[in-house]
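Shown next, in C-alpha cells, is the structure this report addresses.
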Amino acid sequence: MSTASAPAPAPARAAPPAISVEAVSITYHSSLQARGQQTLVGTLSRLRRRKKIVKQVKAVREVSLEVPRGTVLGIIGANGAGKSTLVRAMAGILPPTSGKIEVHGRVSTLLALGVGFDRKLTGRQNVILGGLAAGLSREQLEGKYAEIVEFAELEEFMDMPMRTYSAGMYGRLAFSVAVNMEPDILLIDEALSVGDAHFKRKSFDKMRELCEAAHTIVLVSHGMRAMRELADEVLWLDKGEMKGYGPPPKIIREYQRFMKVEEDDAVGEEDV
Amino acid sequence: MSTETVHKAPPPQEDPAALADGWADAYTPEHHVYEPHKVGLPPLGPYLSELWRRREFAVELARTKLQAQHFGTVFGMTWLVLNPLLLAGVYFILIDILRSGDRPPGAFAHLLGSIFAYYLVSDAIRMSSRSVTGGGKLILNTAFPRMLLPLSSVLVSIIRFLPTIAILAIVHIATGRPNGLNMLWAFPVALEMIAFATGASVLVAAAQVYFRDLNNFLPYMLRVWLYVSPVLWQASEVPHGYKWLLYVNPLGPMLTAWNEALNQAIRPGGTWLLLGAGYAIVALVIGGLFFISREREFAVRV
C-alpha cells in the first residue's frame, strides 16, 4: 500500500519505504530562451538591453508520498501535469527545488524517450553503454547480456546499428534493458505499449514478476487499463498538484470524470 | 542534488530497529538522497567517488566513439597513425615554403612533437564541446555524473595521441636529435597538458549548453590558438616584443617545456614547468567546479 500522509509513529521502526517524497516542489527557472535563441549573440544582445527573461514553471508543487517496497504506484494526469518531472526527480535526474526525495535501492528507468540509445551505435554497444551509465559493472553486464537479448527477442539484430531498428524493436530492447538491470525500483514513464501484442503481454507478465519479487514500480501511463491491472495505488497529478491519491478504481473514475471521458471509452483505456 | 550510497554489513538481529536497518541493507544496499544543492555544488566527496565508480562508462564511451569515427573506412584504426602523419606533412610543407627552405636544427622533429601535443589538447576541447549537448537522451533518462561525457572525449584524445609517440621516437632517431635522461621530463609536461585539456574541456562542454554559438566560434579560436602557440615556430625565434605570448598563452609554457625535454633533451626551465602546472591546476579547478555546479540544470537545457 502506498500512503500519501506521514506514517503514524510505531513502537517498532518499520522498514523504510522504497521511495519517500517529502514536500517536493520542482520549478523550472526558464530564463531559458527558446532553444534556437540560446546563443552567445542572443545572450549578449539581452545583456546589452538589460533584459532578463525569467519565467518560472512550477512543474511539481508540494507533493508528499511514500512508496513501500514491493508496491506499484501509478501516476496519472493530463499532459503537462508534472508526472514525468516527478518520476525524473525520483530517478535523480532532475533536482527538487525544495523538499527531499529519499530512495532505498537501485533504480532503473524506462522513460518516455527510451534509455538514451544512440541510433548510430549497434544494439550491443547501446546495451553495454546504457548498463554502464546506469551503474552496473562490466562483469554484471556480461552476466545479464544474454538475458537482455533473449527477452527482447533480438538475437539476430544486436550487431546492427539501431537506426535500422523499427520503433517496436527499439522499444523492446529499451524495456528489456530496464527490467533486466536488477532494479530494486523500476520507474516507467509512458513506455508500456512496446512491441506487438505478444511482447506487450510479456512485458506485463515481467512487471508482475518483478512485483512478486518485492520490487517497487512507479508507473506513468495514460492507459487506464494498465493502471487498473498493475497499480496498487494511484496518484493523480493536475498542474503539478496532488489532485487525488488512493485505490485505482476510485481515483481513475474521478480523473475520467474530471477529464470528461466516459468510463467505458475504449480510447481512454488504451496505452497510447 | 546530493547522493549518498551506503554499503554496510547486516547488523545483529532481534532489535526491531536493527531488523529494519538490516532489511534496508540486505535488500537495498543503495541509498540516495536528492535535495536542493546548498550553494550550487553537490558534496564533492560523494560526487568524485561516484565519478570514479562509473569510470568504466567513460572508457567504453571513448572506445565506442573511436570505433564510430573510423567505422566503414578502408584503413580503419590505421587512421590513428595516418592522421597525425598527414597533418605533420601538410604543416611541414607550409612552413618550409614560408621559410624558403631555411630550417632551424631539428625543425621537423620540433614541428611534429608540437603539433601532436597541440592536437592532444585541442581535440579534447573540440570533441568535448558537444559532449553534453549531444548526450541529450542519456542525460534525460539516466542519472550519472555528467562529467563522464566530456571526460570520455578527453580519453579519446589521449588514445589518439598515444600512437604519435611511436612516430615521434622514429623521427627523433632518424633526424639525429640528442637523447638523454632529461627527455623523461616530457612525462610531467604531458600530464600538465592532459590536466589542462581536461579542465578546459569540461568548461567548454558546460558553456556550450548555455551558448550554442560557441561551437561555431570554436574552430576559429582553436586555429588562432595554434598560430600563437610555439608549434609552427620555436620559442627561441620569438621577437622580444612578442615574448609575452609565451606567458599569457597556457600552451606557451607547456609546449616550450615539452620541446626542451623532447627535442633538445635538456631539463625544461623551472618557470615553464611551474607556469604550466599553474595553468593546469587553475583550468581543472575552474572548469571542474563550473561544470559540477551547473550540471543539474543540463536535463532541462539539452
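First the proteins, then the strands, lettered A, B, ... as listed; each starts at 1. Just so we're clear, the structure is a prediction, and the values are computed from it rather than from any experiment.
No other option in B/Pro145, B/Ala299, B/Ala143 has as many heavy-atom pairs under 4.5 Å with chain A as B/Ala143. In terms of non-hydrogen atom pairs under 4.5 Å with chain B, the most contact-rich of A/Ser20, A/Ala133, A/Ala91, A/Gly99 is A/Ala133.
When heavy atoms are compared at a cutoff of 4.5 Å, B/Ile139 approaches chain A solely by way of its backbone atoms N, CA, C and O. Using a 4.5 Å cut-off between heavy atoms, A/Lys120 does not touch chain B at all.
Interatomic distance, CG of A/Leu129 versus OG1 of B/Thr64, reported as 4.5 Å (0.5 Å rounding). Of the inter-residue distances, the one linking B/Leu138 atom CG with A/Asn126 atom CG reads 9.0 Å to the nearest 0.5 angstrom. Going from atom CD1 of A/Ile93 over to atom CZ of B/Phe144 covers 9.5 Å, rounded to the nearest 0.5 Å. The distance from atom CD of A/Gln125 to atom NZ of B/Lys65, rounded to the nearest 0.5 Å, is 13.0 Å. Once rounded to the nearest 0.5 Å, the distance linking CD of B/Glu56 with CG of A/Leu141 reads 8.5 Å. Rounded to the nearest 0.5 angstrom, A/Leu136 CG and B/Arg54 CZ are separated by 9.0 Å.
For B/Tyr227, the OH atom is densely surrounded, since the number of other residues' heavy atoms within 6.0 Å is greater than 12. By the 6.0 Å contact criterion, NZ on A/Lys58 is open, its count of non-hydrogen atoms from other residues, nucleotides or ligands being 12 or less.
With a 4.5 Å cut-off on side-chain heavy atoms, B/His32 and A/Ile101 do not count as touching.
Checking each of A/Leu94, A/Val21, A/Val103, A/Val24 against B/Tyr34 for a side-chain contact (heavy atoms from CB on, under 4.5 Å) leaves exactly one that passes, namely A/Val103.
Side-chain atoms of A/Thr109 come within 3.5 Å of backbone atoms of B/Asn141 as a donor-acceptor pair (strictly under, hydrogens ignored).
Looking at every heavy atom in both residues, B/Pro36 comes nearest to A/Ser98 through CG-CA, 3.7 Å.
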